[in-house]
*Asks:* 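One structure, pasted below without further comment.
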Amino acid sequence: PDPAALALVQENQLYPVWRIPFFNRANREEVAAAFADLPPSSQGLILFEGEAVLGYPHLSLVQEQEQASRFLFGQVEFSQQKGLADLAAASVNRLVRVHTITPEETDFISYQRALARWVRAVEERNVRLLYFQPFLPQSAATQQATVGPIDLNLQLLREVTAQLGAAGYSNTGPSQPLEIRLTPAAFGGVLLALLAAAYLTLALVLEPWWSSQRRLIAWLAGIALAVGLFLLFILGRQILASQITAFGIGLVVPVLAVLLAERNRQRLGLALLSAVGVTALGAWFVVATLAQSPFLLKTQQFLGVKLMHIVPPLVVAGVFWTRGYFRRWHWNGTTIALALLAAFGGVYLVLRTGNIAAVSDWERSLRDGLEALLVVRPRTKEFLLGHPALLLGLWLQRQGEQLLAAVMLVAGTVGLLSIINTFTHSHTPLVISLVRTGNGLWLGFLCGAIVVLVIRGIQSLVVKGENQR
């Protein structure tokens, strides 16, 4: 690098980011030479550029140089760079999460949406370095602005800095992340909690056939599975053992929460409290399970999100079917259409899970409005579907409407599993997930209460009309 440019960076207390380009078939000497060009006394962060990480597919060459240097290593969010994910997983103690808006996106994104995206990346996804791509004269934001591109970019930088500063973040550059590990004792405690939850869930699901022999089989199978996972953990496969355990919690807890709530349906407040309480405990154990550096930095992540959105609602529907709640369902043109609509909605929900690109314009506008109003927006499937359906289903059961109640409670399962899913995003600060969940609960139950009041009002009008006749 240019010594004068480096001196200017240091004089202004800026944080240097070093770009190392990719070229094919780099050998050990060429990789070492790329790192030797960097000032040995300098600190900063390395970002690899090109279609792959330098040295790919022989990443050990780069790892040797990284460990011998003082530099941190940046992983750009959503990057498809070859070898990046593997290198990030191996360099977790040197890893810094980076966010950028690509030059192609910068040409079309609006100023306000870019501002919100920069800030959200830091506040909600544990990003610690923003790699800024400026608006150019041909950018849409520049064309709509009343100032030139230079002033517009400076204004954006000032606003991003101000908003992050108000939230408690500094612009002094990222520091080396702490290495966080899960102890065997803590993992064992989570396994005991999962074992107890799974046993209670089986007792409710198989209640008509829950004999002493089946109880013994369930205990033995559960203990064997827990021992197997614990051995997997202590034998060095901590990530896999943690992923399986968190997935088990995600499958079991929503079913347990809905079935316990349905059991307490005569006391609506207690039923809702039990559903939320059981789900909160499950979320807490998921947080404990995934509280490890690879998950916090997203080099590893929770597996089975789509399956988690399929299995619990189907199990709850199966339980209600065996209890006879769907006996009044008669197949005709209307009910077939409703069933197809519900199936389409379920498939759409599963396909949409985790898919940012599938967000429509109207939903994006709704999200932006909720974020502006509530600071942290709740999940749409919680406050518009799951939580209102849970409240409505419990109320309908008290009215003796078992068929409609069963349908609503199956839909209500979606809201509870979505809460668990929120806390599987370990790279998101815990306080953000807590506020997001809280906003979803109060707003969702408010929507459900409004629906209940509307139904009661219609019922009153119908009864009044019949009396007048």
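In this text the structure is predicted, and so the values were computed from the model without any measurement.
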*Asks:* Any non-hydrogen side-chain atom of Tyr131 less than 4.5 Å from a side-chain atom of Val76?
*Replies:*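 Tyr131 vs Val76: side chains apart.
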*Asks:* Filter on side chain to side chain donor-acceptor pair (under 3.5 Å), then keep only pairs touching residues 436-449, sequence neighbours left out; what's left?
*Replies:*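 For residues 436-449: Glu124-Arg436, Asn439-Trp442.
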*Asks:* Do side-chain atoms of Thr322 reach the backbone of Val319 as a donor and acceptor pair under 3.5 angstrom?
*Replies:*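 It does hold such a pair.
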*Asks:* Report yes or no: does Gln243 contribute a side-chain atom to a donor-acceptor pair with the main-chain N or O of Gln301 at less than 3.5 Å?
*Replies:*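 The answer is yes, because a donor-acceptor pair under 3.5 Å joins these two groups.
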*Asks:* Does the ring pair (Phe, Tyr, Trp, His ring centres under 6.0 Å) test come out yes or no for Trp395 and Phe445, once each step is laid out?
*Replies:* CA-CA 12 Å; Trp395 180 78; Phe445 288 151; over 10 Å; no
*Asks:* Please verify the inter-ring angle class for Phe247 with Phe302; under 30° counts as parallel, over 60° as perpendicular, anything in between as tilted.
*Replies:*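 It falls in the tilted class, 30° to 60°.
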*Asks:* Donor-acceptor pair, distance only, cut-off 3.5 Å: does the side chain of Gln81 make one with the backbone of Gly50?
*Replies:*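 Looks like yes, one N/O pair under 3.5 Å.
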*Asks:* Find the distance between CD (Gln399) and CD1 (Ile455) and round it off to the nearest 0.5 Å.
*Replies:*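 The distance works out to 9.0 Å.
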*Asks:* What's the spacing between Leu390 CG and Thr279 OG1 if we round to 0.5 Å?
*Replies:*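 Reported to 0.5 Å precision, the distance equals 8.5 Å.
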*Asks:* Quick one: pull up CD1 in Ile101 and CD in Gln133 and give me the separation to the nearest 0.5 Å.
*Replies:*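 It comes to 9.0 Å.
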*Asks:* Just by distance, do the side chain of Asn126 and the backbone of Arg97 share a donor-acceptor pair under 3.5 Å?
*Replies:*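 Not a single qualifying donor-acceptor pair exists.
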*Asks:* Does Arg117 reach the side chain of Glu105, with side-chain heavy atoms less than 4.5 Å apart?
*Replies:*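 SC-SC contact between Arg117 and Glu105 confirmed.
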*Asks:* Would you please classify the geometry between the Phe230 ring and the Phe233 ring as parallel, tilted or perpendicular, with 30° and 60° separating the classes?
*Replies:*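 Correct class here is parallel.
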*Asks:* I'd like to know if the side chain of Ser242 and the backbone of Leu290 have a donor-acceptor N/O pair within less than 3.5 Å.
*Replies:*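 No: the side chain of Ser242 does not pair with the backbone of Leu290.
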*Asks:* Report the residue from Val98, Leu129, Val96, Thr299 that forms a side-chain contact (heavy atoms from CB on, under 4.5 Å) with Gln75.
*Replies:*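 So, applying the side-chain contact (heavy atoms from CB on, under 4.5 Å) to Gln75 and each of Val98, Leu129, Val96, Thr299, only Thr299 qualifies.
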*Asks:* Mind jotting down which residue pairs meet the side chain to side chain donor-acceptor pair (under 3.5 Å) criterion with at least one end in residues 245-264? Sequence neighbours excluded, please.
*Replies:*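 Counting only pairs at least two positions apart or across chains, the side chain to side chain donor-acceptor pair (under 3.5 Å) contacts touching residues 245-264 are Glu207-Arg263, Glu262-Arg265, Glu262-Arg323, Glu262-Tyr325, Glu262-Gln397.
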*Asks:* Is Arg125 reaching over with its side chain to a backbone N or O of His427, donor-acceptor style, under 3.5 angstrom?
*Replies:*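 Side chain of Arg125 to backbone of His427: no pair is present.
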